[in-house]
2 protein chains.
Amino acid sequence: MYRSHTCGELRLNDEGKHVTLSGWVQTIRKFGAITFVDLRDRYGITQLLFGENLNNELDANPLGREFVIQVVGKVAERSSKNPNIPTGEIEIEVDSFKILNKSAVPPFTIQDETDGGDDLRMKYRYLDLRRNPIQKNIVLRYEVNRSVRNYLHENGFMDIETPFLIRSTPEGARDFVVPSRMNPGEFYALPQSPQTFKQLLMVSGFDKYFQIVKCFRDEDLRADRQPEFTQIDCEMSFVEQEDILQMFEGLLKRVFKDVKGIEYSDEIARMTWEEAMWQFGNDKPDIRFEMPLANLQFPSAAFPTKTGHPEVFEGVDFKVFNEAETIIAIAVPGAGEYTRKQIDELTEWVKRPQIGMMGLVNVKCNADGTFKSSVDKFFNEEKLGLIAKAANAKAGDLILILAGREEKTRKAISELRLEMGKRLGLRNPEVFKLLWVLDFPQFEYSEDDNRWYAKHHPFTAPKPEYIDTMIHTSPVIDDPEHYLEHPFAAIKANAYDMVLNGSEIGGGSIRIFQKELQEKMFHALGLTKEEADEKFGFLLGAFEYGVPPHGGLAFGMDRLCSILGGADSIRDFIAFPKNNSGRDVMLDAPASIDQVQLKELAIKIDEISKA
Amino acid sequence: MYRSHTCGELRLNDEGKHVTLSGWVQTIRKFGAITFVDLRDRYGITQLLFGENLNNELDANPLGREFVIQVVGKVAERSSKNPNIPTGEIEIEVDSFKILNKSAVPPFTIQDETDGGDDLRMKYRYLDLRRNPIQKNIVLRYEVNRSVRNYLHENGFMDIETPFLIRSTPEGARDFVVPSRMNPGEFYALPQSPQTFKQLLMVSGFDKYFQIVKCFRDEDLRADRQPEFTQIDCEMSFVEQEDILQMFEGLLKRVFKDVKGIEYSDEIARMTWEEAMWQFGNDKPDIRFEMPLANLQFPSAAFPTKTGHPEVFEGVDFKVFNEAETIIAIAVPGAGEYTRKQIDELTEWVKRPQIGMMGLVNVKCNADGTFKSSVDKFFNEEKLGLIAKAANAKAGDLILILAGREEKTRKAISELRLEMGKRLGLRNPEVFKLLWVLDFPQFEYSEDDNRWYAKHHPFTAPKPEYIDTMIHTSPVIDDPEHYLEHPFAAIKANAYDMVLNGSEIGGGSIRIFQKELQEKMFHALGLTKEEADEKFGFLLGAFEYGVPPHGGLAFGMDRLCSILGGADSIRDFIAFPKNNSGRDVMLDAPASIDQVQLKELAIKIDEISKA
């Protein structure tokens, strides 16, 4: 028996017990003949006492940091207690010990704050994983996993495994492929998601499916993406959108309760995609704070039901605004006192390549009701007052205005809003605000190849009132300039995203379950009948045999955990993550493989493409 | 709302309720103006009643098999009840219905006994999955999953995800590899198991890990293997073998209870690997029945501590036995009345290529204490009596004897024992017998390349008493003929297999946790220091920094489920299995991929190797 107790377990009422502990040496402190050793395992830290004045002559000198040891001793009350740790009232008077394994000096300190850089920590991931903050993340992840499973089980869902070695699909450009030794020259693909399989399970009658499952995407990794990532994947039959929203609101409330101890009693906010774009400039607004956009001017085709504030511009002749497609303002509460330097810095911020604006207009709302603006030359007090009114600005606020092309400007003001929220401390990671974004567009227009793409994916059902339009309209866009006027641009889908604190943590849709509509959808996306059959024959085949109405969604496990853990990056919520080049630095993978193996797989390295 | 109740839910005490059901049309039976429809979902079957004499003039004619419909109606007592189904006392008098989706005539019947052949059922897997026996298997699998998770959670284990895109390892010949677009010319490998990762997690201090996880092996598929399979993978720190055995005995007892309702109260049997080979001829004996082997003669080097029955052969001159390395008998209870024809058929059975023996000797034990044997010419009554005594045969038994080379003969008699057990009905799939096989050999000798292989895997620890031998003995085998006399042949490992009804359902070991011993192990397996560093550098690196004593095991989820489900094949316990060529017939995967994709991956098809 290596241990009678863990290092996080003993308390004052265990005083006098003879115990055996095993763990890692965290710190060694010598005071004359006495040595204090902190012994660590994943349950906590217990102080060990070695020294000749305590009826034992043990020499703690051979010990070093990160040695694995086993000690036998007696639980005693500490003379100087540590209120910061649960075992802080006791220590172990060591009678005997055994070094189970030695350790070299670790390349960085195994403490909450480490001196190790990112690369070193990735290389020695097994040591980084010993640190308390990372251990807590991994524990949190397991708690989320457990909570999700319990809720879904109690609600009748079944975990059903779907295959990892599948067939490459049209989004295949981002598929990882796997050559097959038994079928030389042929390849499997790793799934980007189990989408088609969960739909087939609905066809089979398994009406509530879930899986916490790895998915794979071989694409350029943005700062915080991984080539393999984990989804909480769910699907239900004989449901409408509202059934799904309620089921998964329940899931998230359960996770908040189980993992964070938070009763999320607010009704979960809902907003249409159009409102999200209109009010916040993106489809995953952070609603922990207000600061909505004031749409002064915009292309009406993008928001056909909206009116802006044309009164602001009547009789104003300001070239920058005259030439702008879109002009949007936000009122930053209490920032009216910003100095020239601060404003200049903000202007530089919006000019950075990631934002890419040409400049920033500002209007300060003075306490006396007057305004001070960077565009005083063009806007008189009355006009500035109209802007302030449109932006719902109060005395002491700073109004920031961006102008330019619709898409870029909206994105930029949205980023600026988030940045100002952050600067004002309105994005507290311990505050959690959920939001459903509903009624996404069915299609997304691509200027590059003048065609429609699925905004969600090709299996998403349009809202019933648009089915006729989808079936009877040609997808051809005759006038790319005015693609917004094509009937497809207006089609809304039964698709929904769950947003937490400004991050999309999940999304899904009601699926198409009628064969004709699915065929029309493939057609709309530019697939010929032959291509559709080649790629999705098995699914279209299944559509012949009684598909039930169904829908579902998937949550991004990595992101959900990082937000619950109050962190920006997902990486430290994954035990063995890859870096931004998709490399596992610890394993040094990927790597070259030998010729014998290549030959068996009937492939060769294409040195020209490689170069 | 698509349904107020499922098709398995309504009972007589719901009579009079107005309900809405949705599901699939299983059968349609017309009696004059009345039509009975069985409506099916995964919860059960409910009888619907359509007909003009029941105050509704609904015409059920448009309905067909496997149509998806929604019906509204009233729960009524049936005139003719069906005691075989839980809803058999009621039916629904249909007021209105809606066809949600039509279905073509399915390619086979969706019933417990289907007329579909294997290939057709694989192609239309989504329809086969509608059948009750398959649904039950998938449900059983989920119940095993849930039971395992609950037990492990309650015992302090954490589910931690390990990566799927890893580095190819020495057993790499069977790795699936994955070319990387971001690292052209380089490959990841898919894990054959998370072995090294779970060991690294122990190094990190996560002292109780588990995962129910897909593993991958690209090898010729025997009848019942899959290229992707699922393991229940576990590891623990600060434990000895006995801790692990007890923990996982508890796990299996819990699974029996949760999934089969069986209290497995027997103490779980244990047997050393040597005893299993000696008594049953293989390392996964089916102990639902006795019929142990009588080792009449055998090479003593293979079983140095055993004695056989030389008295049987004293003064006997039977060429077949004289020349045999090994002679083993079994006594088949009550088979003494076997006819000549039956014996001939058994003889043919052992001569089949899979068994490959030259012949079968038989001795019938007559009721009067005399014997009738195929070798009467060589063995007198006294000698036959000695054989019967050695085989512990009783009057009425049939003794079967095989002779030949040790390995082949032992394997053959073991197969014959299983076959006779089956014929005698002693292998009841509803009886479950667990067995730990312990003390496996550390090494396995390979005649082909005159070297040692790891019997379990390269990380398995030898029993402590053999550590010195391992560290101080050269692995070189000077005399291949007598490899059994090399000290390595005698080294036993702290390795264990869990056997259920004659199938290995899991196995594991205490791991090496000392760097020097791990290096010796790699050396024993023929890896140079450079090769070991190249392949396992990260693991040997981790061994520098305080590895705790640890061990674990993995269960084969697919096999465990099939045995619990009373089936021989694992395939119908996997939602979307592959066939014996590793193909997914439904998806038609693997498949060729296009040139653009190959180019991005910097690989080419090697047409010569392919051919």
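Just so it is clear: chains get the letters A, B, ... in the order the sequence lines come, proteins before strands, and each one is counted from 1.
Between Arg149(A) and His153(B) the shortest side-chain heavy-atom distance does not fall below 4.5 Å. For the pair Met182(B)/Pro590(A), no side-chain contact is recorded, criterion being any heavy-atom separation below 4.5 Å from C-beta on.
Only the side chain of Leu598(A) comes within less than 4.5 Å of a heavy atom of chain B; its backbone N, CA, C and O stay farther away. With a 4.5 angstrom heavy-atom cutoff, Asp159(A) touches chain B via backbone and side-chain atoms both. At a 4.5 Å heavy-atom cutoff, the contact between Phe197(B) and chain A is made by backbone and side-chain atoms alike. The contact between Ile160(B) and chain A is made entirely by side chain atoms (from C-beta outward), counting heavy-atom distances below 4.5 Å. Of the two parts of Phe206(A), the backbone and the side chain both hold a non-hydrogen atom closer than 4.5 Å to a non-hydrogen atom of chain B.
Interface check for chain A: of the options Gly23(B), Ser22(B), Pro184(B), the most heavy-atom pairs under 4.5 Å are formed by Ser22(B). Of the listed residues (Gln135(B), Met202(B), Gln70(B)), the greatest number of heavy-atom pairs within a distance under 4.5 Å of chain A belongs to Gln135(B). Chain A forms the most heavy-atom pairs under 4.5 Å with one residue out of Pro548(B), Ser180(B), Ser592(B), and that residue is Pro548(B). In terms of heavy-atom pairs under 4.5 angstrom with chain A, the leader among Phe67(B), Phe216(B), Phe576(B), Tyr142(B) is Tyr142(B). Between chain A and the options Thr6(B), Leu190(B), Asp41(B), Ile212(B), the largest number of non-hydrogen pairs under 4.5 Å is found for Leu190(B). The candidate with the highest count of non-hydrogen atom pairs below 4.5 Å against chain A, out of Asp584(B), Leu165(B), Val596(B), Val178(B), is Leu165(B).
At distances below 3.5 Å, not a single donor-acceptor pair connects side-chain atoms of Tyr126(A) with backbone N or O atoms of Val203(B). Of the possible polar contacts, none joining the Lys599(A) side chain to the Asp606(B) backbone as a donor-acceptor pair under 3.5 Å is found. Although no hydrogens or angles enter the test, the distance criterion places no donor-acceptor pair under 3.5 Å between the side chain of Glu186(B) and the main chain of Ala589(A). Listed for the Asn101(A) side chain is a donor-acceptor partner under 3.5 Å among the backbone atoms of Phe513(B).
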Starting from the C-alpha separation in whole Å, work towards a yes-or-no answer on salt bridge (charged side-chain N to carboxylate O under 4.0 Å, His left out) for Glu607(A) and Lys604(B). CA-CA 9 Å; Glu607(A) 296 295 345; Lys604(B) 289 192 287 197; over 6 Å; no
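Of the residues listed (Phe164(B), Phe176(B), Phe229(B)), the one engaging Phe164(A) in a ring pair (Phe, Tyr, Trp, His ring centres under 6.0 Å) is Phe164(B), and it is the only one.
Ring planes of Tyr545(A) and Tyr124(B): perpendicular class, angle over 60° (limits at 30 and 60°).
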